[in-house]
There are 2 protein chains.
Amino acid sequence: METYKEILKDSGIKPTFQRIKILEFLDKNPIHPTVDMIYMALFKKVPTLSKTTVYNTLDVLRQHALVNVLTISESELRYEYARKPHHHFMCKKCGSIFDVDVGCIYQDSMSIEDHKIEEIQGYFKGICKNCLNNNLQEN
Amino acid sequence: METYKEILKDSGIKPTFQRIKILEFLDKNPIHPTVDMIYMALFKKVPTLSKTTVYNTLDVLRQHALVNVLTISESELRYEYARKPHHHFMCKKCGSIFDVDVGCIYQDSMSIEDHKIEEIQGYFKGICKNCLNNNLQEN
DNA sequence: TTTTTCATTTATAATTAATATAAATTATAT
DNA sequence: ATATAATTTATATTAATTATAAATGAAAAA
């Protein structure tokens, strides 16, 4: 199993302690966190961490295609460890974001209506299955 | 042809001058503008307009399903007059946003992986056909 | 080892989109 | 006319993000 240090090195990124920790957090917590969620979680174990570093690191990781930025929320950006392409569902009630593993027919297209495609984001919004179940129990 | 006043009335919205102007602007300028773009454009003809009114009006129009909010940009929200469902393409070079009229196979689905769908956003990003052409001319 | 250099991290300040609040205005109903 | 309520406006506030510069740390050169 490849370590985070190795993943960073292989991408040409100097594997600093902070970068390793942020990458590890994203990998182990597929919750599509905000910058603040990452900062709050890691601050407990790395009290010297600064929020600027989280921003900087996410930028670096993104430039090397290790993380994706999601604009699914209207108020702040969300981040995820980049695995294979997929779409996302955001619950309007609890706010959680889920991966949805549906085949996108444009995933392998080079262009759409003569525009060159470099990136595809598919966002679904509504009520997640957990909230749907909780609603039933309340009745 | 239905007037903007009528469209607002039919949606149960009091057709004020500001609301009519904002709705008209969105209808006649399918550029998916930001709040600022709407404000700047209308301010010329309606110098008393305030930016808060643009925010408020867009909220009201949205609640009555007359406008859609796009989160395609990472820095600010974009708005459009709500017509029939479609996806969007944003150019990474010039920043323009285009409607793309592609059939979405999930458009009529009620749910996805047990989550209840209420809204679907499909975003494509890359280089638009205009910028692709301009690049050729520069050589 | 010591020094130098450079990248990274951190602290701080600045920017800006969006929201909240309250006063002013306008329209509507009494 | 007057009172009431909705809307608009001005202003202040919040909060995500970016910019700037100082502090730190690690690698390279002497």
Side-chain angles (χ1 to χ4, degrees), chain A residues 4-5 8-9 11-25 32-64 66-80 90 95 97, chain B residues 4-5 8-9 11-25 32-64 66-80 90 95 97:
Chain A
Y4 298 110
K5 184 181 269 193
L8 290 169
K9 270 198 218 160
S11 294
I13 305 171
K14 191 184 287 185
T16 66
F17 180 68
Q18 291 87 339
R19 288 170 176 173
I20 290 169
K21 283 298 168 188
I22 291 171
L23 184 62
E24 178 185 18
F25 181 83
H32 313 87
T34 62
V35 165
D36 214 57
M37 288 161 79
I38 298 170
Y39 174 72
M40 293 301 229
L42 292 182
F43 183 76
K44 292 170 193 162
K45 308 200 170 177
V46 191
T48 72
L49 186 67
S50 104
K51 207 178 277 189
T52 309
T53 299
V54 179
Y55 275 104
N56 289 344
T57 299
L58 289 171
D59 251 14
V60 172
L61 295 177
R62 182 190 192 183
Q63 279 160 25
H64 292 79
L66 287 179
V67 311
N68 296 326
V69 177
L70 307 186
T71 59
I72 196 169
S73 158
E74 291 178 16
S75 51
E76 77 266 292
L77 298 177
R78 315 286 302 226
Y79 296 84
E80 71 172 358
M90 182 179 213
I97 299 172
Chain B
Y4 299 111
K5 184 182 270 192
L8 290 168
K9 270 199 217 159
S11 294
I13 305 171
K14 193 184 286 186
T16 67
F17 181 67
Q18 290 87 340
R19 288 170 177 173
I20 291 168
K21 283 298 170 189
I22 291 170
L23 184 60
E24 178 185 17
F25 180 83
H32 313 86
T34 63
V35 164
D36 215 57
M37 288 162 80
I38 299 170
Y39 174 73
M40 293 301 229
L42 292 181
F43 183 76
K44 292 169 192 162
K45 308 199 171 179
V46 191
T48 72
L49 186 68
S50 104
K51 206 178 276 189
T52 310
T53 299
V54 180
Y55 276 104
N56 289 342
T57 298
L58 290 171
D59 250 14
V60 171
L61 296 177
R62 181 190 193 181
Q63 278 160 25
H64 292 80
L66 286 179
V67 311
N68 296 326
V69 177
L70 307 186
T71 58
I72 195 169
S73 158
E74 291 178 17
S75 51
E76 78 267 292
L77 298 177
R78 315 286 302 226
Y79 296 85
E80 71 172 356
M90 183 178 210
I97 298 172

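Just so it is clear, the model here is predicted, and its values are computed rather than measured. Here is the naming used below: chain letters follow the sequence lines, and residue numbers restart at 1 for every chain.
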J.: List the steps and the verdict of side-chain contact (heavy atoms from CB on, under 4.5 Å) for V35(A) and K51(A).
T.: CA-CA 8 Å; V35(A) 165; K51(A) 207 178 277 189; 3.9 Å; yes
J.: Should K45(A) and K21(A) count as side-chain neighbours, where that means a heavy-atom distance under 4.5 Å?
T.: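 A side-chain contact under 4.5 Å is absent here.
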J.: dT9(D), OP1 or OP2 - any side-chain N/O from Q18(B) closer than 4.0 Å?
T.: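 Checking dT9(D) against Q18(B), a side-chain N or O does come within under 4.0 Å of OP1 or OP2.
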J.: Nearest whole Å is fine: how far is dT7(D) P from F17(B) CZ?
T.: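 That distance rounds to 17 Å.
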J.: Please determine if a side-chain N or O atom of T48(B) lies less than 4.0 Å away from the OP1 or OP2 oxygen of dT9(D).
T.: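 For dT9(D), OP1 or OP2 has a side-chain N or O of T48(B) closer than 4.0 Å.
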J.: E74(A) CD to dA16(D) P: how many Å, rounded?
T.: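 My rounded result for the distance is 15 Å.
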J.: Rounded to the Å, how far apart are R19(A) CZ and dA7(C) P?
T.: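 Distance, rounded to whole Å: 11 Å.
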J.: Send over the distance from D59(A) CG to dA16(D) P, rounded to a whole Å.
T.: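 It is 17 Å, rounded to the nearest whole Å.
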J.: Measure from the side-chain heavy atoms of K14(A) and tell me the nearest of dA6(D), dT10(C), dA7(C).
T.: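 Nearest to the side chain of K14(A) among the choices is dA7(C).
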J.: In terms of side-chain heavy atoms of T52(B), which of dT9(D), dT20(D), dA16(D) is nearest?
T.: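 My answer, after comparing the listed nucleotides, is dT9(D).
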J.: Could you tell me the separation between the CD1 atom of I13(B) and the P atom of dA6(D), rounded to a whole number of Å?
T.: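 So the CD1-P distance, I13(B) to dA6(D), works out to 15 Å.
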J.: Would you mind telling me which of dT19(C), dT7(D), dT8(C) lies closest to the side-chain atoms of T16(A)?
T.: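 Between dT19(C), dT7(D), dT8(C), the one nearest the side chain of T16(A) would be dT8(C).
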J.: Hey, mind stepping through K14(A) and K9(A) against side-chain contact (heavy atoms from CB on, under 4.5 Å) and telling me if it holds?
T.: CA-CA 6 Å; K14(A) 191 184 287 185; K9(A) 270 198 218 160; over 6 Å; no
J.: In whole Å, I'd like the distance from the CG atom of L49(A) to the P atom of dT8(C).
T.: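 After rounding, the gap between these two atoms is 16 Å.
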J.: Determine the contact category for S75(A): base if any of its heavy atoms lies under 4.0 Å from a base atom, sugar-phosphate if only primed atoms, P, OP1 or OP2 are that close, otherwise nothing.
T.: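 Here S75(A) touches the backbone only, sparing every base.
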J.: Less than 4.0 angstrom from a charged side-chain N to a carboxylate O is my criterion; do E80(B) and R62(B) meet it?
T.: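 Answer for the salt bridge query: no.
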J.: Treating H32(A) as the side-chain partner and I97(A) as the backbone partner, does any N or O pair qualify as donor plus acceptor under 3.5 Å?
T.: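 Answer holds: yes.
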J.: Rounding to an integer number of Å, can you tell me how far K51(B) NZ sits from dA20(C) P?
T.: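 Value for this atom pair: 17 Å.
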J.: Please pick, from dA17(C), dT9(C), dT9(D), the nucleotide with the shortest atom-to-atom distance to any side-chain atom of T53(B).
T.: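 In terms of side-chain proximity for T53(B), the closest of dA17(C), dT9(C), dT9(D) is dT9(D).
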J.: For N56(B) and for Y79(B), find the nucleotide of DNA chain C with the closest heavy atom, then tell me which residue's nucleotide is more 5'.
T.: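 Whichever sits nearer the 5' end wins; that is Y79(B).
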J.: Taking CD1 from I20(B) and P from dT8(D), how many angstroms apart are they, rounded to a whole number?
T.: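 Roughly 10 Å, once rounded to whole Å.
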J.: Which nucleotide, dT7(D), dA18(C), dA11(C), lies nearest any side-chain atom of S50(A)?
T.: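 So the nucleotide nearest the side chain must be dA11(C).
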